[in-house]
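Reminder, nothing fancy here: chain letters follow the sequence lines and each chain counts from 1.
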Amino acid sequence: MSSEEILHQDFIRTIIDEDLKSGKHDKIVTRFPPEPNGYLHIGHAKSICLNFGISKEHADARCHLRFDDTNPSKEEQEYVNAIQEDVRWLGFDWGEHLYYASDYFDRIYEYAEHLIQQGKAFVCDLSAAEMREYRGTLTEAGKNSPFRERSPEENLDLFRRMRDGEFADGSRVLRAKIDMSSGNINMRDPVLYRILRASHHRTGDKWCIYPMYDFTHPISDAQEGITHSLCTLEFADHRPLYDWTLDNLPAPCHPRQIEFARLNLNYTVVSKRKLLQLVNDGFVSGWNDPRMPTISGIRRRGYPAAAIRSFCDKIGIAKNESTVDVALLEHCVREELNETAPRVMGVLEPLKVVITNFPENKELELSAQNHPQKPELGTRPLHFTRELYIEKSDFMEEPPNKFFRLGPGREVRFRYAFFITCNEVIKDESTGEVIELRCTYDPETLGGSAPDGRKVKGTIHWVSANHSVKAEVRLYDRLFTEENPGADKEGADFKSFVNPESLTILTDCCVENSLNTADPGSQFQFERQGYFCVDQLDSKPNALVFNRTVTLRDTWAKVQNR
RNA sequence: UGGGGCGUCGUCAAGCGGUAAGACACAAGACUUUGACUCUUGCAUUCGUAGGUUCGAAUCCUGCCGCCCCAGCCA
């Protein structure tokens, strides 16, 4: 939590501070402008934290949420709703400032006519293919369109008829008249309006022409009084057009566009197109599959919003192309959950233990702390009985050096209970698998320490056979086996790098009784194992489903792997 | 061969002419009724590279090298 208070300075905030200091602006206005054609992902979170974050750092500032809905053929109301939910969940609030680029369609249209009247835009009849030819290449200048010199009167007439639906889709466009020989292809008479007969989710069938992003965005920003228009690096080439547009229109103000590097994460893909493929091809269960880097997936996985904010703060804002290590994201998640998640015991792969010197019908109530570092979070009762379950991996018949857990003849501590000694190992006769341990407990060690001062190196978790409930636990691992799955190396498709072990479902788990009534979405630390949350969609009392959010750090596993 | 952007530790990232912050990762150790947490320590004589300017350069200048983006009537 204190990590969120440490605000990292970056080049954008420096510019903003200077603009405030010089008096260029006395109030900062930013905006987050998603296109409602997909779900938000961790990359968007970076932009959200930047834009909304800046607005929170200045008393008078605000940040608008604006849907960039200029292409009705790709956009849907479903996404509009999901995006709002995600931004809110991340902890941000746009107040009254919810806008749609489509709110400005009338104004944008007027501005287009203004450009035509100034002789700075023309209607072009070239087909898409012809226009591509005329555009030239990266190294060769383009050629002027044969329609470039139409009179303002003719252009105005044609443009109005475009609006009125007289022409077929794609038959004509409105173009800015800038410079076909520019080294910047965006300045080679870019298209401003296209004819597109598609129903818009907001404006319905009012329009059959729609403005392009490059024309819409600067106008929308200016309309809202945005001071700093922050976007990703690939839009740097569009800045001259952004500026040209506002310079040639009677716009109320001229926001400054500043570009920063988008977020890349190793072992994951962060591209709407690729995420959509994973969903459509059934590699995941949906946009909110807990393995997805979408905000909704992450939320369902159990990542706290505060951890995402902390992560965005830690990665910083710069112009370097960068790929952040997912380990940093996981660190932020553990850091947050360590503070907030109550501790509980759950056995993922149960091995039966019978305490031979403990009476059959006896139940001993013990007390366990909900958070060892936070006594104020209280305690909960635990029941010790003759039959218990421990983790299969906490027993080894032939323990290697430094293995602190249970083995034949060994004594360990059962957390919050007693010292237990393993006396007998029972195996399945046909498979040889260990199926039960016969142990004794030392009643003198109640609470976990021995009056005679003897020490025990290992402490393991356990659950009472008749004070636990069965649960399904979904173990998640990284979705890709390759560090950079999107790299297309040797022509391999990124989908061929999907980790076949990214999901392991365990159906035979036993968790403390108290979890039966836990709220969907609530988060716990299963001691010694990791952080888990109650699945929002699939979990029901007596049919519990937990998602493993992230494991605990495991130095023992590291030692073993050496 | 056009235009734009970028090169500081394994990964992010400060630094803005005065002698390389911090975080993650990694390593070693302490503590521990979670092999968790926490704590301590270590981890760039060097900033893509070659020159130049300067008492002094990651910071200024020049050349070179490398990487990313742009030829949608997508955003």
Side-chain angles (χ1 to χ4, degrees), chain A residues 3 6 8-10 14 33-35 37 68-71 73-75 124 126-128 131-133 135-142 169-175 181-188 190-196 209-210 212-214 216-217 231-240 259 261 263 266 272 313-332 334-335 338-339 343 345 368-369 372-373 402-405 413-417 445 447-449 456-461 525-530 551-559:
Chain A
S3 61
I6 302 163
H8 293 215
Q9 189 67 13
D10 53 64
T14 300
E35 182 189 10
N37 70 341
D68 220 330
D69 55 354
T70 61
N71 187 346
S73 58
K74 295 166 65 178
E75 296 147 5
C124 183
L126 252 26
S127 70
M131 203 179 293
R132 197 177 314 123
E133 273 179 42
R135 189 154 34 225
T137 68
L138 293 179
T139 53
E140 297 162 37
D169 283 14
S171 61
R172 285 177 224 259
V173 293
L174 181 72
R175 292 225 255 167
S181 67
S182 172
N184 182 344
I185 289 176
N186 295 116
M187 298 300 269
R188 319 240 265 228
V191 172
L192 264 22
Y193 262 93
R194 75 283 215 183
I195 304 172
L196 197 57
I209 56 171
Y210 291 94
M212 302 289 290
Y213 164 85
D214 281 317
T216 306
H217 209 79
C231 62
T232 44
L233 252 27
E234 66 270 28
F235 290 100
D237 285 344
H238 296 243
R239 184 164 16 100
E259 309 87 19
L263 170 66
N266 59 10
K272 272 187 203 171
D313 186 53
K314 284 182 166 76
I315 59 176
I317 297 292
K319 298 185 82 159
N320 299 344
E321 294 272 341
S322 59
T323 301
V324 177
D325 193 339
V326 275
L328 179 59
L329 214 207
E330 291 174 350
H331 162 80
C332 293
R334 291 190 185 104
E335 184 179 51
N338 179 46
E339 288 293 312
R343 266 107 245 233
M345 292 198 281
Q369 287 181 280
Q373 279 78 47
K402 299 247 184 99
F403 183 83
F404 305 152
R405 286 108 96 151
R413 175 165 39 231
F414 274 31
R415 175 132 241 229
Y416 295 123
T445 58
S449 53
V456 102
K457 190 73 178 156
T459 299
I460 67 175
H461 59 95
Q525 183 195 99
F526 286 10
E527 290 207 30
R528 306 209 303 132
Q529 310 207 86
T551 61
L552 250 29
R553 274 188 71 218
D554 191 350
T555 46
W556 167 238
K558 266 181 211 162
V559 171

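Taking atom P in both B:rC24 and B:rC61, one finds a spacing of 35 Å when rounded to whole Å. Across B:rC67 and B:rU8, the matching P atoms stand 15 Å from one another, rounded to whole Å. Separation of the C1' atoms belonging to B:rU59 and B:rC26 is 30 Å when rounded to the nearest angstrom. Comparing the P positions of B:rC60 and B:rG5 gives an interatomic distance of 15 Å, to the nearest angstrom. Spacing of P atoms, B:rC9 relative to B:rA28, comes out at 24 Å, to the nearest Å.
In this structure, A:Arg343 does not reach the B:rA36 phosphate: none of its side-chain N or O atoms is under 4.0 Å from OP1 or OP2. Taking only side-chain nitrogens and oxygens, A:Asn320 comes nearer than 4.0 Å to OP1 or OP2 of B:rG7. Applying the 4.0 Å criterion to OP1 and OP2 of B:rC37, one finds that A:Arg334 has every side-chain N and O outside that range. Between A:Ser322 and B:rU11 there is no side-chain polar atom (N or O) within less than 4.0 angstrom of OP1 or OP2.
The partner of B:rA13 is absent, by the rule that a Watson-Crick or G-U pair needs both atom distances under 3.5 Å. Under the Watson-Crick and G-U wobble criteria, each requiring two contacts below 3.5 Å, nucleotide B:rA25 is left unpaired. Within the shown strands, nothing qualifies as a pairing partner of B:rG72 under the Watson-Crick or G-U definition with both distances less than 3.5 Å. Nucleotide B:rU45 forms no Watson-Crick or G-U wobble pair with any nucleotide shown, as no partner meets the under 3.5 Å limit on both distances. Figure legend. B:rC60 is base-paired to B:rG52; pairs are counted as Watson-Crick or G-U wobble with both atom distances under 3.5 Å.
If you find the closest nucleotide of RNA chain B to A:Ala417 and to A:Arg239, the one lying nearer the 5' end belongs to A:Arg239. Both A:Ala261 and A:Asn71 lie close to RNA chain B; mapped to their nearest nucleotides by heavy-atom distance, the more 5′-ward contact belongs to A:Ala261.
Counting atom types as modelled, A:His461 pairs no side-chain N or O with a base atom of B:rA36 as donor and acceptor under 3.5 Å. Side-chain atoms of A:Glu133 stay outside donor-acceptor range of the base of B:rA71, with no qualifying N/O pair under 3.5 Å. Counting distance only, with no hydrogens placed and no angle test, the side-chain atoms of A:Arg132 and the base atoms of B:rG72 include no donor-acceptor pair under 3.5 Å. For A:Gln525 against B:rU34, a side-chain N or O and a base N or O form a donor-acceptor pair under 3.5 Å.
If you check B:rA36, B:rC12, B:rA75 against the side chain of A:Arg194, the one that comes closest is B:rA75. Closest to the side chain of A:Asp237, out of B:rG3, B:rC24, B:rU34, is B:rG3.
The distance from atom CZ of A:Arg175 to atom C1' of B:rA71 is 13 Å, rounded to the nearest whole Å.
Across A:Arg239 and A:Glu259, no two heavy atoms sit closer than the pair NE-OE2, 2.6 Å.
Below 30°, between 30° and 60°, or above 60°: for A:Phe235 and A:Tyr213 the angle between ring planes is between 30° and 60°, a tilted geometry.
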